[in-house]
Trainee: 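Sending over a structure as structure tokens; questions will come in a sec.
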Amino acid sequence: MAKSSLGSLLARVGLDWFILALLAMIGLANVWPGPGVQEGPFSLSSLANYGVSLIFFLYGLRLNFDQLSAGLRNYRLHLVIHITTFIVFPAVVLGVRSLLLTPDTELLWLGIFYVAALPSTVSSSVVMVSIANGNIPAAIFNASISSLIGVFITPLWMSLLLSSSNGQYDLTNVIGKLTLQVIVPVVLGIVLNRKLGWFAERYKSYLRYFDQITILLIVYTAFCESFSLNLFASYSTADLVELAGMMLALFFLIYGFVHVVSRLLNFSREDRITALFCGSKKSLVQGSVMANVLFPGAVAGVVLLPIMMYHALQLIVASILAQSMAHRQLEKEKVTQT
């Protein structure tokens with residue numbers, strides 16, 4: 001009974017086994033980095049890359065051309081979400097660059113900007129919109145399109161910083177690798193949707209565990225390389241607490257921006273909810289995948305730290321907000337019925 005109560009409490013505040021497992025992977029990488037730094041076709045890092053392609057193939061299986069074409073109609077909602085995700089987010093972080101960037105925090109700053117440049121997350125955005133009784137079809141469409149657009153826009157944003165810092169950033173090569181690892185599997189999945197889509201839908205709750213295990217593997221290997229080179233030695237607990245505070249502030253700033261814009265555009269309650277959750281969230285899946293391509297292995301662990309924090313915090317805060325919205329709507333309906 002106590003175990004069940006604890007699980008319910010953690011679920012209510014947005015903490016689940018996956019967030020705790022992410023923390024465990026960091027701890028494991030610190031005490032046992034050996035397996036994560038090994039190379040070869042059957043190394044853990046290679047297996048993680050194979051898993052990523054399979055994730056996006058299965059993700060494509062759950063999409064079909066009818067969903068994509070139907071989603072194009074609500075263009076104002078789409079514009080708000082994608083402009084926020086790919087323009088407003090990076091612009092805000094760039095605007096405070098001079099306040100955050102120091103020689104000691106250069107990698108963490110790169111990670112913060114990386115968070116801002118990433119696409120919106122898919123599964124948790126749709127879940128939160130569903131809990132809050134928002135526009136679920138629009139959430140599925142926007143989260144899906146965001147992931148595909150991100151393959152091109154995220155590397156483009158990162159090229160601004162990485163090219164200026166080392167002058168060796170090859171944007172074409174990066175987009176080519178991500179296209180093979182993400183776009184091609186997704187397109188193949190969409191093409192096979194009519195024949196195999198039933199499989200992805202029937203077993204999606206189980207396939208979600210495969211997604212999460214693959215991300216845990218990516219996080220473990222990335223942090224193994226960072227710990228093996230002692231890249232975290234210069235960061236104190238206070239630095240990490242400050243980073244968490246900045247990620248939380250960034251979430252609420254963007255959430256507030258989307259709320260104001262949605263009000264000004266007179267969005268319906270359902271569309272406003274969709275804009276809020278799809279526009280303010282960032283994808284740990286895409287972040288983990290792209291980090292392996294964009295950054296040297298040893299640096300990837302440090303750069304991933306901000307998106308891991310943002311991911312955990314967005315789940316906690318968004319869960320509370322979504323349940324609050326659902327409760328308010330339920331109370332309003334009760335008043336209307338009486």
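Values reported hereafter were calculated over all heavy atoms of this structure, with side chains retained and with hydrogens, waters and symmetry mates removed.
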Trainee: What class does the angle between the rings of Phe89 and Tyr310 fall in, given that below 30° is parallel, 30 to 60° is tilted and above 60° is perpendicular?
Mentor: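 If you compare the ring of Phe89 with that of Tyr310, the planes turn out perpendicular.
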
Trainee: Calculate, to the nearest 0.5 Å, the distance between atoms SG and CE belonging to Cys278 and Met128 respectively.
Mentor: 11.5 Å

Trainee: Assess whether ring-ring contact (aromatic ring centres under 6.0 Å, His included) is satisfied between Tyr206 and Phe210, documenting all intermediate values.
Mentor: CA-CA 7 Å; Tyr206 297 101; Phe210 175 75; over 10 Å; no

Trainee: Minimum heavy-atom separation for Ser120 to Ser283, with atom names?
Mentor: O-CB, 3.7 Å

Trainee: Using 0.5 Å steps for rounding, measure from the CE atom of Met25 to the OG1 atom of Thr221.
Mentor: 11.0 Å

Trainee: Give me the atom names and distance for the closest heavy-atom approach of Pro155 to Leu178.
Mentor: CG-CD1, 3.6 Å

Trainee: Could you tell me whether a side-chain N or O of Ser159 sits under 3.5 Å from a main-chain N or O of Leu156, the two making a donor and an acceptor?
Mentor: yes

Trainee: Got Lys281 and His311 here, is their nearest side-chain heavy-atom distance under 4.5 Å?
Mentor: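 The answer is no; the side chains never approach within 4.5 Å.
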
Trainee: Quick one: does any side-chain atom of Thr85 pair with a main-chain N or O of Pro119 as donor and acceptor, under 3.5 Å?
Mentor: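 Not confirmed, Thr85 side chain does not pair with Pro119 backbone.
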
Trainee: Would you call Val302 and Phe295 a side-chain contact if the rule is heavy atoms closer than 4.5 Å?
Mentor: no

Trainee: Within the distance-only criterion (no hydrogens, no angle test), does the side chain of Trp157 pair as donor or acceptor with the backbone N or O of Phe86 below 3.5 angstrom?
Mentor: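 Side chain of Trp157 to backbone of Phe86: a pair is present.
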
Trainee: Hydrophobic clusters here meaning ILVMFWY residues chained together by side-chain heavy-atom distances under 4.5 Å, can you tell me if Leu180 and Ile149 are in one?
Mentor: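 Hydrophobic grouping puts Leu180 apart from Ile149.
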
Trainee: For the residue pair Gly134 and Ile273, what are the closest heavy atoms and their distance?
Mentor: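 Of all heavy-atom pairs spanning Gly134 and Ile273, the closest is CA-CG2, 3.9 Å.
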
Trainee: If I take atom CD1 from residue Ile183 and atom CD1 from residue Ile175, how far apart are they, to the nearest 0.5 angstrom?
Mentor: 10.0 Å

Trainee: What about Ile26 and Trp32, same hydrophobic cluster or not, with Ile/Leu/Val/Met/Phe/Trp/Tyr joined at side-chain heavy-atom distances under 4.5 Å?
Mentor: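 Both belong to a single hydrophobic cluster.
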
Trainee: Would you say that Pro306 contacts Val115 through its side chain, given a criterion of any heavy-atom pair below 4.5 Å between the two side chains?
Mentor: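 Heavy-atom side-chain distance check passes, below 4.5 Å.
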
Trainee: Transitively linked via ILVMFWY side-chain contacts under 4.5 Å: Leu54 with Val184?
Mentor: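 Result: no, two separate clusters.
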
Trainee: Measure across Arg269 and Asn133 and return the closest heavy-atom pair with its distance rounded to 0.1 Å.
Mentor: NH1-O, 3.2 Å

Trainee: Just by distance, do the side chain of Lys282 and the backbone of Ala116 share a donor-acceptor pair under 3.5 Å?
Mentor: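 Side chain of Lys282 to backbone of Ala116: a pair is present.
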
Trainee: Take Leu305 and Tyr235 through the test side chain to side chain contact (heavy atoms under 4.5 Å, CB included) and record every step on the way to the result.
Mentor: CA-CA 12 Å; Leu305 194 57; Tyr235 301 116; over 6 Å; no

Trainee: When you compare the side chain of Thr121 with that of Ser125, does any pair of heavy atoms fall below 4.5 Å?
Mentor: yes

Trainee: I'd like to know if the side chain of Gln286 reaches the main chain of Gly150, judged simply by a donor and an acceptor atom lying under 3.5 Å from each other, with no hydrogens or angles considered.
Mentor: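 No; judged by distance alone, with no hydrogens or angles, the pair does not exist.
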
Trainee: Just so I know, are the side chains of Thr274 and Leu77 near enough to count as touching, which here means a heavy-atom distance under 4.5 Å?
Mentor: yes

Trainee: Could you walk me through whether Val151 and Gln181 pass side chain to side chain contact (heavy atoms under 4.5 Å, CB included), step by step?
Mentor: CA-CA 10 Å; Val151 170; Gln181 197 169 25; over 6 Å; no

Trainee: How long is the straight-line distance from CD1 of Ile81 back to OG of Ser146, given to the nearest 0.5 Å?
Mentor: 8.5 Å

Trainee: Are Ile218 and Ile213 connected into the same hydrophobic cluster when the rule is that any two of I, L, V, M, F, W, Y join if their side-chain heavy atoms are below 4.5 Å apart?
Mentor: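 Different clusters: Ile213 never reaches Ile218 through Ile, Leu, Val, Met, Phe, Trp or Tyr contacts under 4.5 Å.
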
Trainee: Counting only heavy atoms not in Tyr209, do more than 12 sit closer than 6.0 Å to its OH atom?
Mentor: no

Trainee: For residues Val303 and Leu160: do they belong to one hydrophobic cluster (side chain heavy atoms under 4.5 Å, members Ile, Leu, Val, Met, Phe, Trp, Tyr)?
Mentor: yes

Trainee: Are His78 and Ile145 close enough that some pair of their side-chain heavy atoms sits under 4.5 Å apart?
Mentor: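 They are not in contact (no side-chain heavy atoms under 4.5 Å apart), so the answer is no.
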
Trainee: Check step by step if side chain to side chain contact (heavy atoms under 4.5 Å, CB included) holds for Val31 and Phe227.
Mentor: CA-CA 9 Å; Val31 299; Phe227 279 121; over 6 Å; no

Trainee: With heavy-atom distances below 4.5 Å as the criterion, would you say the side chains of Leu240 and Met309 are in contact?
Mentor: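 When only atoms from C-beta onward are counted, Met309 and Leu240 do touch, with a gap below 4.5 Å.
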
Trainee: Hey, could you give me the CG/CG distance between Leu44 and Asn49, rounded to the nearest 0.5 Å?
Mentor: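 So the gap between those two atoms works out to 11.5 Å.
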
Trainee: Between side-chain atoms of residues 245-268 and protein atoms elsewhere (two or more places apart, or another chain), which donor-acceptor pairs fall under 3.5 Å?
Mentor:
unit_1 : atom_1 : unit_2 : atom_2 : d
Ser262 : OG     : Val258 : O      : 2.8
Ser268 : OG     : Asp271 : N      : 3.2

Trainee: As an exercise, state the distance from CG of Leu304 to CG of Leu22, rounded to the nearest 0.5 Å.
Mentor: 10.0 Å

Trainee: Among all residues two or more places apart in sequence or in another chain, which pass the side-chain hydrogen bond (donor to acceptor under 3.5 Å, both in side chains) test with Ser236?
Mentor: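 Ser236 satisfies side-chain hydrogen bond (donor to acceptor under 3.5 Å, both in side chains) with Asp239 once adjacent residues are dropped.
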
Trainee: If only atom types and distance count, is the side chain of Asn193 paired as donor or acceptor with the main-chain N or O of Leu61 below 3.5 Å?
Mentor: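 The answer is yes, because a donor-acceptor pair under 3.5 Å joins these two groups.
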
Trainee: Between Met158 and Tyr114, is any pair of side-chain heavy atoms under 4.5 Å apart?
Mentor: yes

